[in-house]
Asks: 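Take this structure, written in structure tokens, and hold onto it; I'll ask about it next.
To find a chain, count down the sequence lines: A is the first, B the second, and so on, and within it residues start at 1.
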Number of protein chains: 2
Amino acid sequence: MARGRPRGFDADAALDKAVRVFWQKGYEGASLSDLTEAMGINRPSLYAAFGDKETLFRKALDRYLAGAMTAPMEALEEIADTRMAVCAWLRLLAHSLTDPAHPPGCLVVHGALSCSAEAAPAAGALLECRQSGEARVRARLERGLAAGDLPAGTDVAALACFFATVMQGMAVQAKSGAGRDALLAVVDRAMAAWPA
Amino acid sequence: MARGRPRGFDADAALDKAVRVFWQKGYEGASLSDLTEAMGINRPSLYAAFGDKETLFRKALDRYLAGAMTAPMEALEEIADTRMAVCAWLRLLAHSLTDPAHPPGCLVVHGALSCSAEAAPAAGALLECRQSGEARVRARLERGLAAGDLPAGTDVAALACFFATVMQGMAVQAKSGAGRDALLAVVDRAMAAWPA
DNA sequence: CCCTTTATTTACTGATCGGTATGGAAATCG
DNA sequence: CGATTTCCATACCGATCAGTAAATAAAGGG
């Protein structure tokens with residue numbers, strides 16, 4: 001069993017704290033001092049447990065995806081009616097983006113959007129996440145098209161891009177202080193663009 | 001007339017260069033070394049001509065607004081039909097966001113979105129810009145409501161928030177590498193949400 | 001008990017950050 | 001011409017950046 005001195009902190013809880021720091025300040029804006037202070041550990045402990053800043057960010061990103069993003073994605077993929085699935089996806093996102101228990105906005109959208117060259121790996125990881133998210137929306141729409149939930153000939157790629165764009169815009173709005181009601185109204189209006 | 005040694009660079013051209021650096025890297029991601037290199041001047045010249053980094057950013061922001069944003073705003077406010085005005089606003093934005101002559105995306109949206117406390121003044125200036133932009137959309141919609149271009153009882157605040165959200169999402173998409181055609185398709189879909 | 005292993009602490013590294021002091025160069029003024 | 005004013009170039013400032021070396025502390029294995 002565990003040889004050597006046991007670690008004096010909860011690595012899971014510390015990673016959650018790191019998620020919050022990155023969520024609020026972004027990859028570049030989060031300094032190691034910010035992180036270690038929020039996590040309640042000192043620098044060598046962070047490096048021993050999580051690796052360098054980029055590695056920690058990737059672990060925090062995984063944790064974030066497993067936390068704030070699972071409920072919307074499950075709704076998207078498990079609700080039978082395609083329109084209802086997309087609507088629930090957006091509404092749950094609006095809820096998460098404005099959840100007072102978390103920092104406002106979305107780590108994937110604005111965690112590393114405009115940054116220096118040094119942050120390119122983090123920015124690339126987030127870009128992949130956004131593309132993957134849009135691809136999942138598109139796959140869901142294709143499923144709906146096959147099921148007759150969308151008019152034949154619907155450009156599902158363009159429609160997926162539209163809903164992904166709305167989601168990313170909502171993240172910016174939430175980061176800018178928009179309230180939950182405002183975002184839910186945006187969702188209602190976006191759903192009015194559903195193909196006739 | 002000009003007393004003392006004349007400056008050896010074109011301040012207007014140098015500010016344009018600074019705009020591009022902030023546009024691409026954001027406020028925090030743009031270091032003074034990045035700026036001086038792109039502007040072709042050294043640090044004391046930058047400080048003498050433009051002030052400190054925050055002051056330079058505000059001047060670059062003004063220049064940006066006077067450049068990339070005037071055509072869309074003029075279309076929004078000068079085209080008579082409200083629906084056409086909003087559509088042209090979005091289409092010109094899509095054009096600007098993907099103009100290969102500029103960095104992709106929008107300085108106002110992602111110039112300082114997730115950042116450290118030190119960048120709070122810049123982030124606040126951009127937030128004001130976004131709020132002001134949404135307010136102008138809202139004012140245009142109110143004008144259209146009075147002119148009968150929108151159904152009586154339309155929630156113009158929510159509608160303005162929706163179009164502002166689409167615009168901000170398009171900025172994220174452009175920054176992520178989306179092409180002009182994709183953004184124009186997003187505009188078409190967003191206009192389908194226009195109140196019946 | 002001692003030894004190995006792992007974690008924590010403190011203090012430090014070189015690099016870069018934004019910002020500036022200083023001295024010389026280029027112009028107009030008298 | 002000399003004096004003044006402004007700008008430019010080099011070199012520097014303290015602070016902070018991400019990352020680490022070295023020593024100590026706490027556990028289990030023998």
Asks: Using heavy atoms to find the nearest nucleotide of DNA chain C for Tyr27(B) and Phe9(A) separately, return the residue whose nucleotide is more 5′.
Replies: Phe9(A)

Asks: Taking only N and O in the side chain of Ser45(B), is any of them less than 4.0 Å away from OP1 or OP2 of dC8(D)?
Replies: yes

Asks: Classify the side chain of Arg43(B) versus the base of dG18(C) as yes if they form a donor-acceptor pair under 3.5 Å and no if they do not.
Replies: yes

Asks: Give, for atom CG of Leu107(A) and atom NE2 of His102(A), the distance between the pair rounded to the nearest 0.5 Å.
Replies: 12.0 Å

Asks: In terms of side-chain heavy atoms of Tyr47(B), which of dT20(C), dC7(D), dA18(D) is nearest?
Replies: dT20(C)

Asks: What is the separation between atom NZ on Lys53(A) and atom C1' on dT20(D), rounded to the nearest whole Å?
Replies: 17 Å

Asks: How is the hydrophobic cluster of Ile79(B) composed, in terms of its other members, when Ile, Leu, Val, Met, Phe, Trp and Tyr link through side-chain heavy atoms under 4.5 Å apart, directly or indirectly?
Replies: Met84(B)

Asks: Starting the side chain at C-beta, find the nucleotide from dA18(D), dC29(C), dA7(C) nearest to Ser31(A).
Replies: dA18(D)

Asks: About how many Å separate OG of Ser45(A) and CZ of Arg7(A), when rounded to the nearest 0.5 Å?
Replies: 8.5 Å

Asks: Describe the nucleic acid contact of Ala11(A) in one word from base, sugar-phosphate, nothing, applying a heavy-atom distance below 4.0 Å.
Replies: nothing

Asks: Given dC17(C), is OP1 or OP2 found less than 4.0 Å from the side-chain N or O atoms of Ser33(B)?
Replies: yes

Asks: Which listed nucleotide (dG19(D), dG19(C), dT8(C)) is nearest to the side chain of Leu32(B)?
Replies: dG19(C)

Asks: Could you check Gly8(B) against Asp34(A) and say which one's nearest nucleotide on DNA chain D is further toward the 5' end?
Replies: Gly8(B)

Asks: Ignoring backbone atoms, test whether Asn42(A) places a side-chain nitrogen or oxygen under 4.0 Å from the OP1 or OP2 oxygen of dT9(C).
Replies: yes

Asks: Measuring from the side chain of Pro6(B) (C-beta onward, heavy atoms only), which nucleotide among dA27(C), dC29(C), dT8(C) has the closest atom?
Replies: dA27(C)

Asks: Does Arg7(A) get its side chain close enough to the base of dA7(C), under 3.5 Å, for a donor-acceptor pair?
Replies: no

Asks: Take atom CD in Gln131(A); do more than 12 heavy atoms of anything else shown fall under 6.0 Å from it?
Replies: yes

Asks: Have a look at Pro44(A) and say if it touches a base, only the backbone sugar-phosphate, or nothing, with a 4.0 Å heavy-atom cut-off.
Replies: base

